[in-house]
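What follows is one structure encoded as C-alpha cells, with my remarks underneath.
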Amino acid sequence: MTNHAINFQSVVEEIRETGSTNGPEPSLVTVDAPDVIDVCRQLFDALESRTDPTTCEFYLHPNNRRVLERRLLADELAVESMPFLERQLWTDVSMPEDVILFMHPDAVTLGGSVIGDHPVGMGRIGDD
C-alpha cells in the first residue's frame, strides 16, 4: 500500500489537466491497452526514452494488481522476458480502476501535486 496522504484520484485528474504542458518535451506519456500487462509493458517502453525506467514505480488499484498476478499465473507467461515486472508495484484504493501510473516516486508530492521534474506515464485499461 502507498501512503494514504496521496489521493490518486486527484493526482490522475491533475496529470490529465497539466501533465502534458510542462517543458519542451511532453512530460506526460499516455497509452491505452486492453489489459493490465499490456498497459504496464507499454508504459515501461514509452518512458525508457525519456528517463531511466528503473527509477520509476507503478501505481495501480489493488484489483488491477490481482488481475496482473492471476494472468501471469494462468497464462504461464515468461516473467523474465518482462523487465517492467522488476519495478515496484504500489497499490492504493484511491487509484481509478481503469488507470495505471508509471513514474518516479518524486514526480508527485505527498499532497498529490505533480512536480513536473520527471515524466509521468499514465495508461488506461480499456477495450477501445
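The pair R124-D32 counts as a salt bridge, with a side-chain nitrogen and a carboxylate oxygen less than 4.0 angstrom apart.
Atom CZ of residue R41 and atom CG of residue D35 lie 8.5 Å apart, to the nearest 0.5 angstrom. Residue N64 holds its CG atom at 11.5 Å from CD1 of I37, rounded to the nearest 0.5 Å. Atom NE2 of residue H61 and atom CD1 of residue I100 lie 11.5 Å apart, to the nearest 0.5 angstrom. Summarising the geometry, atom CZ belonging to F84 is positioned 13.0 Å from atom CD belonging to E48; distances are rounded to the nearest 0.5 Å. Note that OG1 of T30 is 5.5 Å distant from CG of L28, once rounded to the nearest 0.5 Å. Atom-to-atom distance recorded for T91:OG1 and L68:CG is 11.5 Å, nearest 0.5 angstrom.
Listed by chain and residue number, H118 satisfy the ring-ring contact (aromatic ring centres under 6.0 Å, His included) test with H104 (two or more places apart in sequence, or in another chain).
For the residue pair R87 and C56, the shortest heavy atom distance occurs at NE-O, 3.0 Å. Nearest heavy-atom pair, P105 versus Y59, reported as atom, atom and distance to 0.1 Å: CA-OH, 3.6 Å. Annotation for G123 and V39: closest pair CA-CG1, 3.6 Å, computed over non-hydrogen atoms. In terms of heavy-atom proximity, R65 sits nearest to L89 at NH1-O, 2.7 Å.
With contacts defined as side-chain heavy-atom distances shorter than 4.5 Å, the pair P62/V93 qualifies. Counting heavy atoms from C-beta outward, L101 and I15 have side chains that approach closer than 4.5 Å. Using a 4.5 Å heavy-atom threshold, the side chains of M103 and V108 count as touching. Annotation: side chain of L47 is in contact with side chain of F102 (closest heavy-atom distance under 4.5 Å).
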Requested in this report: For the pair V99 and R16, evaluate side chain to side chain contact (heavy atoms under 4.5 Å, CB included) and give the outcome as yes or no after the intermediate values.
Outcome: CA-CA 11 Å; V99 174; R16 285 181 173 148; 3.4 Å; yes
Requested in this report: Before giving the answer on side chain to side chain contact (heavy atoms under 4.5 Å, CB included), spell out for M95 and Q9 the whole-Å C-alpha distance, their side-chain angles and the decisive distance to 0.1 Å.
Outcome: CA-CA 6 Å; M95 271 296 297; Q9 184 73 38; over 6 Å; no
Requested in this report: Apply side chain to side chain contact (heavy atoms under 4.5 Å, CB included) to the pair V12 and M122, showing each step before the final yes or no.
Outcome: CA-CA 8 Å; V12 167; M122 183 168 63; 3.9 Å; yes
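A donor-acceptor distance shorter than 3.5 angstrom exists from the side chain of S94 to the backbone of F8, with no hydrogens or angles considered.
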